[in-house]
Amino acid sequence: MLLELLTEKRIQVVESSNSWQESIELAGKPLLEDFSISKEYITKIIDQVNELGPYIVIMPDVALPHTRPEAGVHQTAMSLLKLNTPVVFPDHQEVRLLFFLAAENNHSHLEALKELAELLTEPENLPHLLNSENSITLKNTLTQLIGGIQS
Amino acid sequence: MTKILVVCGNGLGSSFMLEMNVKKALKELGKEADVSHTDLSSAKGEQADIYLGAADIVDQLTNTGKTIVTVQNMMSIPEIKEKLDAHL
């Protein structure tokens, strides 16, 4: 399900971002453009990080920007942004991969998150993702790694 | 049975993934516990033996006298095992 949500149009690789706020905005842009979310949803995520701290940074190098469905989700969706140069989140946490999550309810996204957790708990998988140079190689890497988990 | 409550900002994303990893860690430790996840505001009113989550979230529960376990890398089964084992 992770691969179905992360279509090629929703995967971006860029050189760098000026701020963690900008990286969240950029990560969510494909979902804004395909009407999965409203602009308020992105604003709410940034507000919540300011309020609660960088709890969306789930491990070194990886963030999962998300908030509650009622903040502005039209349909369950995910996008992925990779930064070649890390962006610094509060508490000096460096991030290069942003898995942006929009969940329309409490359950529709859980299968995708389960796959993501399985992907990220294997320590050798992250370097492969970080070494992908463009959106096509990143998608291919994801497909291979998730295929490896499921087989 | 020990009750572990996994807490995140809105009880929807990271806490679900962390709950999965806590269950995996318990299995590897050969220990049993009742594990569930919730958001920070609900956690304040919910009873559990251990409250586990990212430092910036669960630290907001510290003055309530609850047992708190903070995790740096939510995707590291070894870290979760080590930190939980001390409390089980």
Side-chain angles (χ1 to χ4, degrees), chain A residues 2 41 44-71 73 76 78 89-93 95 97-126 129, chain B residues 4-29 35-44 46 51-64 66 68-85:
Chain A
L2 187 60
Y41 184 74
K44 178 75 184 174
I45 295 174
I46 294 171
D47 289 349
Q48 226 178 9
V49 172
N50 281 323
E51 193 188 321
L52 296 175
Y55 71 96
I56 60 170
V57 181
I58 55 173
M59 66 187 291
D61 264 324
V62 182
L64 182 77
H66 68 285
T67 186
R68 299 288 312 166
E70 52 274 20
V73 178
T76 296
M78 274 182 91
F89 271 70
D91 298 345
H92 317 290
Q93 303 211 59
V95 167
L97 277 180
L98 290 94
F99 288 90
F100 188 104
L101 169 69
E104 66 178 312
N105 53 42
N106 283 338
H107 54 82
S108 60
H109 59 294
L110 296 181
E111 193 54 38
L113 284 190
K114 192 165 169 268
E115 289 171 11
L116 186 61
E118 280 166 7
L119 180 76
L120 296 175
T121 45
E122 286 300 325
E124 62 268 32
N125 284 343
L126 187 60
L129 296 171
Chain B
I4 302 172
L5 195 59
V6 179
V7 188
C8 88
N10 39 56
L12 181 84
S14 16
S15 60
F16 169 74
M17 292 167 83
L18 191 52
E19 180 189 340
M20 274 183 63
N21 294 339
V22 166
K23 286 179 175 165
K24 216 180 266 185
L26 286 168
K27 203 174 167 192
E28 289 184 17
L29 286 168
V35 190
S36 57
H37 71 269
T38 191
D39 65 283
L40 179 61
S41 48
S42 313
K44 288 176 182 165
E46 206 167 321
Y51 296 78
L52 181 145
D56 42 320
I57 298 294
V58 287
D59 280 356
Q60 301 187 39
L61 296 168
T62 44
N63 56 6
T64 55
K66 299 177 189 300
I68 308 288
V69 174
T70 62
V71 178
Q72 288 291 326
N73 180 344
M74 296 188 214
M75 296 299 125
S76 167
I77 308 283
E79 181 186 339
I80 298 169
K81 269 165 75 175
E82 188 190 313
K83 292 194 168 161
L84 266 185
D85 204 21

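Protein chains get the first letters and strands the later ones, always in sequence-line order, with residue 1 at the start of each.
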[X] versus chain B, heavy atoms under 4.5 Å apart: side chain, backbone, both or neither?
| X | result |
| --- | --- |
| A:P54 | both |
| A:H109 | side chain |
| A:L110 | both |
| A:V62 | neither |
| A:I56 | neither |
| A:L120 | both |
| A:N105 | backbone |

To the closest 0.5 Å, what do you measure between [atom1] ([X]) and [atom2] ([Y])?
| X | Y | atom1 | atom2 | result |
| --- | --- | --- | --- | --- |
| A:M59 | A:T121 | CE | OG1 | 8.5 Å |
| A:F100 | A:L64 | CZ | CG | 10.0 Å |
| A:L101 | B:M17 | CG | CE | 9.0 Å |
| B:Q72 | A:Q93 | CD | CD | 7.0 Å |
| B:L40 | B:I57 | CG | CD1 | 5.5 Å |

Legend entry - Basic-acidic side-chain contact under 4.0 Å: B:E19, B:K23: yes
Legend entry - Among the listed options A:N106, A:V57, A:T67, the residue most often paired with chain B at heavy-atom distances under 4.5 Å: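 Max contact count across the listed options: A:T67.
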Legend entry - Residue selection (most heavy-atom pairs with chain B, distance under 4.5 Å) from A:A103, A:P69, A:P90, A:P60: A:P60
Inset, instruction - Return yes if some donor-acceptor pair links the side-chain N/O of A:T76 with the main-chain N/O of A:E104 below 3.5 Å, else return no. - result: yes
Inset, instruction - Could you tell me whether the side chain of B:N21 and the main chain of B:M74 form a donor-acceptor pair under 3.5 Å? - result: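 Checked: pair present.
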Residue part contacting chain A, namely of [X], when any heavy atom lies under 4.5 Å:
| X | value |
| --- | --- |
| B:L18 | neither |
| B:Q60 | side chain |
| B:I77 | side chain |

Inset, instruction - In sequence, state the C-alpha distance, the side-chain angles, and the governing distance for A:Y55 and A:Q48, and then conclude on side-chain hydrogen bond (donor to acceptor under 3.5 Å, both in side chains). - result: CA-CA 9 Å; A:Y55 71 96; A:Q48 226 178 9; 3.0 Å; yes
Legend entry - Residue among B:A54, B:S14, B:G53 with most heavy-atom pairs under 4.5 Å to chain A: B:S14
